[in-house]
Amino acid sequence: MIKIEHLSKNFGTLNVLRDISVEIGEGEVVSIIGPSGTGKSTFLRCINLLDQPSGGSIRIRGVDILAPRTDIAKIRQKMNMVFQSFNLFSHLSVLENLTLAPVKLLGKSPEEARTKGLQLLKLVGLAEKYAFCPDELSGGQKQRVAIARCLAMEPEIILFDEPTSALDPTMISEVLSVIRRLARQGLTMLIVTHEMDFARDVSSRVLYMDEGVIYEQGRPREIFDSPKREKTRAFIRKQQSSFHHISSAVFDLYALNAEIEGFCSRLAVGLKSRQNLLLLVEEVLQLSIGSPSSFPLDLTVNYEEKTDMLELLCETPPGTMNPLQLEGEQAGIGLRIVTNILEKHEFQQSAEKNRLVLYLKKQ
Ligand code: ADP
Ligand code: MG
C-alpha cells in the first residue's frame, strides 16, 4: 500500500532522515518508536507531504506522490493524520468539526456529513457531546473528537503522531482504546508512540528509529523482548525505568506523582502495585525531608517485566542516614506504611553516594 524508497529529508545542513526504505501492507498497523529528535514526526510529515522530502520516492498503491502534478489535497484525504495537539477548531461545535471538511472537500451534502459525523462520534463514545464546544471537553475527549474528524474524511491510511503524549495519564487509555478498535477494523495505520505496551499489543510490526534511520524492525515481540541491535536494546531497557532528580526538599510532589503514574500506565503496571509505589515514593520522600542533607536525591523506578517486580532506587549524598532507620513518632507511622508494602530493602553506603533499594511486594 505504501512503498518508500531511499527517503531523505534535510533541514538546511541537518540530515533528519537518511535513506529510509520500507513497505507497509494494506491493513498493517505499524508502530514507530525511538528517542525524541530522531525524525519520527518528520517521517510521518513527509509521507503526508506536510514536509517536502529532499530525496527518494513514496508510492501509495503504486502512485508516485512526489511527482510534480500530484493532487496533494487528495493524498492528504486518503492519508489523514492525527496530531499530538488535537488541532480542533475551537469556534465550531464538536459535530461541526466533523462535518466541515467532508462538505467542503469531499462534496458531501450537509445532512449526509451530519449523519456520518454522528455515527463517528458514537464510535468514539462521544455521541452525546455533539453540540459541545471543544473547550468544554477533557483532553482525552478532544483527542477522540480529533480521531473521529480524521475518520470523517474516510481515509485509507491514518498517521498518528504521539496521539497520547499531551494527555494526563488518566486519559491515555480512553484514546488508546479507540485506536485499538480502529486497528481491529483493518485500517492501515502508522503510529508514533511512547506507549510501549500499547505498541506491543496493537501493532503487527514495530519500527525502531534512531538518528534518521530505521535502525531495527520486527514483530513486537522481537523488538520488545529480544531486540538484536545495541541501540534498540538500550532504548527498550530505558523504557523500563523512570528517573527523577530532586534537587531540594522543596519540590512538586504532584508533578512527580503524575510522571510516575504515566510511567506505570505505559508499562501497564497493575493498579494496586501502582498505588503502593506512589505511597512508597511519598513516604520515602517524607522521611528524607526530615534530614535536608538527603538532597539532592535521585529517584529511579525500575520495572522488571519478566518478574513483574517494581524496584525503587533512592540515591542520596554520602553520609546521609538510611531513612528507614530514622526514629521518632512521625517516622514511626511512615515506616509502618513502608514496611507493609516492601518485599525487602537494601541500604548501601559508599564514598560517592548512598543507595537505598526498595523492592515492592508483588501484588
Ligand atoms: P521526533 O519526532 O523523533 O522527536 P522530529 O522529526 O520532530 O523528531 O525532529 C527531528 C529533528 O529535525 C530534530 O532535530 C528537529 O529539531 C529537526 N526539525 C524538525 N522539524 C524541523 C523544521 N521544520 N526545521 C528545522 N528543523 C526541524
Ligand atoms: Mg515527534
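One-based numbering, in listed order, for ligands and for the atoms of each. Owing to the predicted nature of the structure, the values given are computational and were not obtained by experimental measurement. If you read the sequence from its start, that first residue is 1, and numbering goes on from there.
Surrounding CD of Glu128 are more than 12 heavy atoms belonging to other residues, nucleotides or ligands, all under 6.0 Å away.
Taking atom 7 (O) of ligand 1 as the reference point, the nearest protein heavy-atom neighbour is Ser41 CB, 3.7 Å. Protein heavy atom nearest atom 17 (C) of ligand 1, with residue, atom name and distance: Leu14 CD2, 3.9 Å. Taking atom 19 (C) of ligand 1 as the reference point, the nearest protein heavy-atom neighbour is Phe11 CE1, 3.5 Å. Annotation: atom 12 (O) of ligand 1 to nearest protein heavy atom, Val16 CG2, 3.2 Å.
With Ile32 as the partner, the side chain to side chain contact (heavy atoms under 4.5 Å, CB included) test is satisfied by one option alone out of Thr38, Leu190, Val22: Leu190.
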Q) Run the side-chain contact (heavy atoms from CB on, under 4.5 Å) check on Val175 and Phe160 step by step: do they pass? A) CA-CA 12 Å; Val175 171; Phe160 289 93; over 6 Å; no

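When side chains are defined from C-beta on, Met79 does not count as touching Pro155, because their heavy atoms never get closer than 4.5 Å. Proximity of Val82 to Leu159: side-chain heavy atoms (C-beta onward) are nowhere separated by under 4.5 Å.
Looking at Gly39 next to ligand 1, an N or O pair under 3.5 Å apart turns up. Checked by distance only, ligand 1 and Gly37 come closer than 3.5 Å through their nitrogen or oxygen atoms.
If you look at Thr42 next to ligand 1, the close heavy atoms, those under 4.0 Å, come from the backbone and the side chain alike.
Other residues sharing the hydrophobic cluster of Phe235, ordered by chain and number and joined by side-chain separations under 4.5 Å: Ile33, Met196, Val206, Tyr208, Val213, Tyr215, Ile223, Phe224, Ile236.
The ligand atoms of ligand 1 that sit less than 4.0 angstrom from a heavy atom of Thr38 are 1 (P), 3 (O), 8 (O). Set against the non-hydrogen atoms of Ser36, the atoms of ligand 1 under 4.0 Å away are 4 (O).
If you check the side chains of Ser203 and Ser31, you find a donor sitting under 3.5 Å from an acceptor.
Within the structure, the side chain to side chain donor-acceptor pair (under 3.5 Å) test picks out no pair touching residues 278-287 (sequence neighbours left out). Residue pairs meeting the side chain to side chain donor-acceptor pair (under 3.5 Å) criterion with at least one partner in residues 55-78, sequence neighbours excluded, are Glu26-Arg61, Arg61-Glu156.
One hydrophobic cluster holds both Leu66 and Ile60 under the rule that ILVMFWY side chains link at heavy-atom gaps under 4.5 Å.
Neighbours of the Mg ion (ligand 2) restricted to protein N, O or S atoms under 2.8 Å: the count is 1.
At least one protein heavy atom sits closer than 4.0 Å to atom 5 (P) of ligand 1. Shown here, atom 15 (C) of ligand 1 is out of close reach of the protein: none of its heavy atoms lies under 4.0 Å off.
Under a 4.0 Å N-O distance rule, the pair Glu28/Arg205 qualifies as a salt bridge.
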